[in-house]
Student: 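Would you mind keeping the following structure in view while I ask a few things?
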Amino acid sequence: MAFFTCIIQKMGNLVHKLLTMGLEHKKILIAVTGGIAAYKINFLIRDFIKKGAEVQVIMTPSALNFASALTFSTLSKNPVFSDFYGVNGTWNNHVELALWADVMIVAPCTANTLAKMVHGQCDNLVIATFLSAKCPVFIAPAMDLDMYAHPSTRQNLEMAEDYGHFIIPAEEGELASGLVGQGRMAEPGTIVKEVEDYLDSGKQSRNFAGKTILITAGPTFEAIDPVRYIGNHSSGKMGFALAEEAAKRGARVILISGPSSLQTQNKNIELHRVTSAKEMFEEVFRYYEGVDVAIASAAVADYAPKDVALEKIKKNEDNLTIELVKNPDILGTMGERKTRQFLVGFALETQNEEVNAKSKLEKKNLDMIVLNSLRDEGAGFQKDTNRIKILTADAMEEFELKSKEAVAQDILDFVEKKTLK
Ligand code: PMT
């Protein structure tokens, strides 16, 4: 009998474990702002705790008009902070709170707090904590339907998404004003599920937290005269996708890009814009020594005009000869100066692809090389997709045609496997 009881107990434990897998022992920081939906946070805290999470709550001053800090504190079994200073002159350290959290949830998030979040207007503990947070941030907006539909709110939500935060959209229904429409905060069950799904999906992998990754992107332009240059068709899409993915995984990213129209809003990406190969070289070696991983996805011009004409060259002659000289090999020099960095090169080939890529891997002292061929449809310059092979000294893996975002994931999965054992 005792044997069966033991088995049943073990099965029960296993089922409980499977049911709570994503949230068990996760540290959830809930930031409550001043909206009527603040009362629902009681249920949100309860649901997270039921699933094995640890919860702390912070509140904006106006949230105190809508809900009780005492209730949140009792339910979460943790003190609730709403100001930078506690009793007896103690400091409620927003940086510690932010670093403590595995996930931060701003719920309900008013139009006012949303605007402050995206514009960095730091006038309360919630915003200071949010700006210090390195963890994923979920935002559950709640407001009247017209406020929710207003272009400024839509734009702020888009900006929050561009910064890498997750929006849990407001739901349709009856609102505090008596009007009916979209604006109700998502139900606590929905918020818990969004966070749980995110944690279970493995997307939360922040395996590069504490690491610095340098990425080169885009083309280089080599001036002929003040008007003309030698360049190539690179758009920067591949390099920017790598930068976004590396930042998502927690890395500090130094992105050194040649002329590209692409932008990034990601606060973990430091974007340095350069024009020529020589400028890219200088910028790369300002940072290279301190980085953990370097990925050279830029299409660097191998040659530049020996002399740059000071004035626009006039078309007097039938033929014009421009003497070209070799540019510095940025990746090759990174290989020579490699100490502890994990070095990833790209090879853009049109023939004998694997042989050429392998030869670059060896000559440039790389740890791995990403091969893409202009012979593959959908691969290479400007496209939103790419098709790659990854080669190391002793192995090769081939991937199908995917979006450049998915290719960036494959490349960084590979780097993770090789560097984070
Ligand atoms: O920017 P997109 O439009 O998205 O296009 C992406 C891409 C096609 C540019 C990208 O996927 C790619 O293949 N980048 C490398 C292009 C290239 O210059 O390849 P390569 O085989 O000529 O150079 C080999 C490696 O040496 C590359 O890592 C390159 O960055 C590096 N290199 C080359 C010359 C030089 N002087 N310095 C370098 O660092």
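All ligand and atom numbering here is 1-based and tracks the order in the structure.
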Student: May I ask you to establish whether K278 and F281 are in a cation-pi arrangement, using a distance under 6.0 Å from NZ or CZ to the six-membered ring centre and at most 45° from the ring axis?
Tutor: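 The answer is no; the distance or angle limit is not met.
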Student: Could you tell me whether S234 approaches ligand 1 through its side chain, its backbone, both or neither, with non-hydrogen atoms closer than 4.0 Å?
Tutor: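 Both backbone and side chain.
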Student: Quick check for you: to the nearest 0.5 Å, what is the distance between M368 atom CE and T392 atom OG1?
Tutor: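 It comes to 8.5 Å.
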Student: Evaluating non-hydrogen atoms only, which member of A294, A298, G236 is closest to atom 29 (C) of ligand 1?
Tutor: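 Going through A294, A298, G236 one by one, A298 has the nearest heavy atom to atom 29 (C) of ligand 1.
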Student: Please could you name the atoms of ligand 1 that A347 approaches to less than 4.0 Å, counting only its heavy atoms?
Tutor: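 Per the distance check, 21 (O).
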Student: When you measure from the heavy atoms of A277 to every atom of ligand 1, does any distance fall below 4.0 Å?
Tutor: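 Heavy atoms of A277 never come under 4.0 Å of ligand 1.
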Student: Quick one: do R184 and E187 make a salt bridge, cutoff under 4.0 Å?
Tutor: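 Judged by the 4.0 Å cut-off on N to carboxylate O distance, R184 and E187 do form a salt bridge.
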Student: With a 4.0 Å cut-off on N to O distance, would you call R340 and D292 a salt bridge?
Tutor: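 A salt bridge is present here (some side-chain N lies under 4.0 Å from a carboxylate O).
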Student: For atom 39 (O) of ligand 1, what's the nearest protein heavy-atom neighbour? Residue, atom name and distance, please.
Tutor: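 The closest one turns out to be L331 N, 2.8 Å.
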Student: Where on S260 is there a heavy atom closer than 4.0 Å to ligand 1, on the side chain, on the backbone, on both, or on neither?
Tutor: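 No part of S260 comes within reach of ligand 1.
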Student: Is N372 close to ligand 1, meaning an N/O of one under 3.5 Å from an N/O of the other?
Tutor: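 By distance alone, the answer is yes.
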Student: Between N386, D410, T385, which is the residue that forms a side chain to side chain donor-acceptor pair (under 3.5 Å) with K402?
Tutor: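 The passing option is D410.
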Student: Given M280, Q382, K360, identify the one with the heavy atom nearest to atom 22 (O) of ligand 1.
Tutor: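 Ranked by closest heavy atom to atom 22 (O) of ligand 1, first place is K360.
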Student: One pair to check against salt bridge (Lys or Arg N to Asp or Glu O under 4.0 Å): K326 and D302. What are the steps and the verdict?
Tutor: CA-CA 6 Å; K326 235 185 186 168; D302 288 321; over 6 Å; no
Student: If a pair satisfies ring-ring contact (aromatic ring centres under 6.0 Å, His included) and one of its residues is in residues 132-163, list it, with sequence neighbours excluded.
Tutor: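 Output for this query lists F138-F166, F138-Y198.
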Student: For F84, does the CZ atom sit with more than 12 other heavy atoms under 6.0 Å from it, leaving out its own atoms?
Tutor: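 Yes, enclosed.
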Student: Indicate yes or no: does R249 engage E245 in a salt bridge with an N to O separation below 4.0 Å.
Tutor: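 Salt bridge present between R249 and E245.
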Student: Between the side chains of D367 and K418, is the shortest nitrogen-to-carboxylate-oxygen separation below 4.0 Å, so that they form an ion pair?
Tutor: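 Salt bridge absent between K418 and D367.
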Student: If you have a sec, work out which protein heavy atom is nearest atom 19 (O) of ligand 1 and how many Å separate them, to one decimal?
Tutor: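 Its nearest protein heavy-atom neighbour is L348 N, 3.5 Å.
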Student: Have a look at ligand 1 and work out which part of M334, if any, has a heavy atom under 4.0 Å from it: side chain, backbone, both or neither.
Tutor: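 No part of M334 comes within reach of ligand 1.
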Student: Which is it for K364 and ligand 1 at heavy atoms under 4.0 Å: side chain, backbone, both or neither?
Tutor: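 It is the side chain that touches ligand 1; the backbone stays farther off.
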Student: Evaluate the side-chain contact (heavy atoms from CB on, under 4.5 Å) criterion for residues D376 and L401: first the C-alpha distance (whole Å), next the side-chain angles of each, then the deciding distance (0.1 Å), finally the verdict.
Tutor: CA-CA 9 Å; D376 283 332; L401 183 75; over 6 Å; no
Student: What do we get for D329 next to ligand 1 when only non-hydrogen atoms under 4.0 Å count, side chain, backbone, both or neither?
Tutor: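 It is both backbone and side chain that touch ligand 1.
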Student: Return yes or no for this condition: an N or O of G218 is under 3.5 Å from an N or O of ligand 1.
Tutor: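 The answer is no, given that G218 and ligand 1 share no N or O pair closer than 3.5 Å.
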Student: Report the nearest protein non-hydrogen atom to atom 18 (O) of ligand 1: residue, atom name, distance rounded to 0.1 Å.
Tutor: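 Looking only at protein heavy atoms, the one closest to atom 18 (O) of ligand 1 is A299 CA, 3.4 Å.
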Student: Closest non-hydrogen protein atom to atom 2 (P) of ligand 1, residue and atom name please, with distance?
Tutor: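 Nearest neighbour among protein heavy atoms for atom 2 (P) of ligand 1, to 0.1 Å: S235 OG, 3.3 Å.
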Student: Could you measure the distance from the CD atom of Q121 to the CG atom of L131? Nearest 0.5 Å is fine.
Tutor: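 Going from CD on Q121 over to CG on L131, the span is 10.5 Å.
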Student: Which heavy atom of the protein is the closest neighbour of atom 34 (C) of ligand 1, given with residue, atom name and distance?
Tutor: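 For atom 34 (C) of ligand 1, the nearest protein heavy atom is D302 OD1, 3.2 Å.
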Student: Run the salt bridge (Lys or Arg N to Asp or Glu O under 4.0 Å) check on K389 and E349 step by step: do they pass?
Tutor: CA-CA 12 Å; K389 289 179 183 167; E349 304 296 339; over 6 Å; no
Student: Can you list the ligand 1 atoms lying under 4.0 Å from a non-hydrogen atom of S297?
Tutor: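 Once the distances to S297 are compared, the set is 9 (C), 10 (C), 12 (C), 14 (N), 15 (C).
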Student: With heavy atoms of A296 as the reference, note each atom of ligand 1 found under 4.0 Å away.
Tutor: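 Going through ligand 1 atom by atom, the ones under 4.0 Å from A296 are 27 (C), 28 (O), 30 (O).
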Student: So for ligand 1, is H233 a polar contact partner (N or O within less than 3.5 Å, distance only)?
Tutor: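 Not met; the criterion fails.
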Student: Which ligand 1 atoms are under 4.0 Å away from a heavy-atom of K237?
Tutor: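 Every atom of ligand 1 under 4.0 Å from some heavy atom of K237: 1 (O), 2 (P), 4 (O).
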Student: What residue and atom, counting heavy atoms only, is the protein's closest point to atom 12 (C) of ligand 1, and at what distance?
Tutor: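 Heavy-atom neighbour on the protein nearest atom 12 (C) of ligand 1: F346 CD2, 3.5 Å.
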Student: Ligand 1 and I330, any nitrogen or oxygen pair closer than 3.5 angstrom?
Tutor: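 Between I330 and ligand 1, an N or O pair is found under 3.5 Å apart.
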Student: Would you mind checking if R286 and E283 are paired as a salt bridge, meaning a charged N to carboxylate O distance below 4.0 Å?
Tutor: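 Salt bridge between E283 and R286, a charged N being under 4.0 Å from a carboxylate O: yes.
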Student: Yes or no: does P328 have any heavy atom under 4.0 Å from an atom of ligand 1?
Tutor: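 Yes; P328 lies near enough to ligand 1 that a heavy-atom distance drops under 4.0 Å.
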Student: Which atoms of ligand 1 have any heavy atom of K404 under 4.0 Å away?
Tutor: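 Those atoms are 2 (P), 3 (O), 4 (O), 5 (O).
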Student: Under 4.0 Å from any heavy atom of M238, which atoms of ligand 1 are there?
Tutor: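 Per the distance check, 4 (O), 6 (C), 11 (O).
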Student: Is there a side-chain contact between Y288 and V291 (heavy atoms, below 4.5 Å)?
Tutor: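 Yes - at least one pair of side-chain heavy atoms lies under 4.5 Å apart.
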